[in-house]
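Below is one structure, written out as structure tokens; the observations come after it.
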Amino acid sequence: MINAIDETIYNLIFKLLSTPTTFIMTFISHLGSATILILICIILYILLKDKKMALIIMLNLAIVYLLNVIIKMIIARPRPDILRLVYETGYSFPSGHAMVATGFYGFLIYIANKKIKNKALRRCITILLTLLIFLIGISRIYLGVHYATDIIGAFMIGIIYLVIFINILKKNSIIAN
């Protein structure tokens with residue numbers, strides 16, 4: 001059944017194959033890369049008045065990244081043997097880009113909904129970051145470096161992680177309820 005899901009979704013996404021789409025998907029994929037996420041953390045640290053929150057955002061990124069590495073080593077699923085449009089090494093499950101994007105951008109959504117008073121701006125940030133998380137996952141399938149089930153699993157693990165992370169912060173009064 002897993003193979004059927006992977007093959008069906010890959011075949012649907014692969015129909016989009018074109019040079020412009022590949023450019024767009026590569027760009028979107030980079031928005032889930034370690035380099036970009038670390039850069040975002042540095043920018044947030046510089047821009048945010050609340051340095052404690054900036055450090056919590058950095059801690060969140062570090063934890064979700066390390067969790068992904070550990071799970072990849074335990075599962076050790078090989079990457080797809082299909083047309084790869086970018087070069088990647090390491091194991092396939094769960095997708096690091098999708099899982100880390102879910103944990104990182106998902107936490108930014110949570111913070112935005114807690115801190116931003118303007119309802120329209122909150123809604124806009126939530127929609128844009130949710131769409132970005134989804135597109136990062138799709139881009140990894142399109143680029144041929146992950147199975148669809150790697151992405152689905154990454155989203156699920158990322159959401160579970162995010163709920164636990166936020167609840168630990170609330171329970172320890174690190175962030176307000």
Side-chain angles (χ1 to χ4, degrees), residues 5-6 8-45 47-48 53-54 56-65 67-68 71 80 84-86 88 92-167 169 175:
I5 292 169
D6 289 332
T8 301
I9 293 174
Y10 179 74
N11 288 334
L12 287 171
I13 292 174
F14 190 72
K15 289 179 182 177
L16 302 172
L17 187 65
S18 71
T19 301
T21 305
T22 300
F23 176 80
I24 292 167
M25 290 296 181
T26 302
F27 176 79
I28 290 169
S29 181
H30 284 303
L31 296 176
S33 71
T35 304
I36 296 298
L37 297 178
I38 291 167
L39 182 62
I40 291 170
C41 282
I42 292 168
I43 291 168
L44 288 174
Y45 187 81
L47 295 179
L48 290 178
M53 183 55 69
I56 292 169
I57 292 168
M58 290 178 186
L59 176 65
N60 170 55
L61 178 60
I63 293 171
V64 72
Y65 172 79
L67 180 61
N68 179 264
I71 295 170
R84 287 194 196 168
L85 302 176
V86 295
E88 285 289 346
S92 191
F93 183 90
S95 163
H97 280 68
M99 183 176 153
V100 174
T102 301
F104 181 77
Y105 291 120
F107 190 57
L108 293 183
I109 291 169
Y110 173 80
I111 293 168
N113 280 281
K114 286 290 184 183
K115 301 279 185 186
I116 297 173
K117 298 194 185 319
N118 183 311
K119 190 175 181 179
L121 180 59
R122 274 195 327 257
R123 188 175 301 139
C124 184
I125 289 170
T126 299
I127 290 168
L128 289 175
L129 290 179
T130 301
L131 184 60
L132 178 60
I133 293 166
F134 177 74
L135 289 174
I136 287 170
I138 295 298
S139 74
R140 304 305 286 169
I141 300 167
Y142 176 91
L143 295 171
V145 293
H146 283 290
Y147 297 103
T149 50
D150 296 337
I151 304 304
I152 294 165
F155 287 158
M156 291 169 57
I157 295 167
I159 290 167
I160 292 167
Y161 158 78
L162 191 55
V163 169
I164 293 169
F165 182 76
I166 290 168
N167 282 323
L169 293 176
I175 58 174

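- Note that CD1 of Ile164 and CD1 of Ile63 are 11.5 Å apart. Values are rounded to the nearest 0.5 Å.
- The minimum heavy-atom distance between Ala148 and Asp6, with the atom names listed, is N-OD1, 3.2 Å.
- Annotation: side chain of Val64 is not in contact with side chain of Phe165 (no heavy-atom distance under 4.5 Å).
- What you find for Tyr147 and Ser92 is that their closest heavy atoms are CD1-OG, 3.9 Å.
- How far CG of Leu48 is from NZ of Lys115: 9.5 Å, rounded to the nearest 0.5 Å.
- Closest approach of Ile133 to Gly106, counting heavy atoms only: CD1-N, 3.8 Å.
- Rounded to the nearest 0.5 Å, atoms CZ (Phe155) and CZ (Phe134) are 7.0 Å apart.
- Applying side-chain contact (heavy atoms from CB on, under 4.5 Å) to Ile57 and the options Leu44, Ile40, Leu37 leaves one that passes, Leu44.
- Put simply, CG on Leu135 and OG1 on Thr130 are 11.0 Å apart, with the number rounded to the nearest 0.5 Å.
- Residues Lys114 and Met53 form no side-chain contact, since every pair of their non-hydrogen atoms from C-beta on lies 4.5 Å or further apart.
- Neither side chain, Ser95 nor Asp150, offers a donor N or O lying under 3.5 Å from an acceptor on the other.
- For the pair Ile71 and Pro94, the tightest heavy-atom approach, listed with the atom from each and the gap, is CG2-CD, 3.3 Å.
- Of all the heavy atoms in Glu88 and Val145, the pair that sits closest is CG-CG1, 3.5 Å.
- Atoms OG1 and CD1, from Thr149 and Ile141 in turn, are 8.5 Å apart once rounded to the nearest 0.5 Å.
- Separation of atoms CE (Met99) and CD1 (Ile160) is listed at 9.5 Å; rounding is to 0.5 Å.
- Between Tyr161 and Leu67, some side-chain heavy-atom pair lies under the 4.5 Å cut-off.
- Within the structure, the side chain to side chain donor-acceptor pair (under 3.5 Å) test picks out the following pairs touching residues 21-41 (sequence neighbours left out): Ser18-Thr21, Thr22-Tyr142, Ser29-Arg140.
- Between Ala98 and Ile136, the shortest heavy-atom distance links the atoms N-CG2, 4.3 Å.
- Proximity of a side-chain donor or acceptor of Asn113 to a complementary backbone N or O of Arg122 within less than 3.5 Å is not detected.
- Contact of the Ile56 side chain with the Phe107 side chain is registered, since non-hydrogen atoms from C-beta on lie closer than 4.5 Å.
- Residues satisfying the side chain to side chain contact (heavy atoms under 4.5 Å, CB included) criterion with Ile24, sequence neighbours excluded, are Ile28.
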Trace of the side-chain contact (heavy atoms from CB on, under 4.5 Å) decision for Tyr105 with Leu132: CA-CA 8 Å; Tyr105 291 120; Leu132 178 60; 3.6 Å; yes
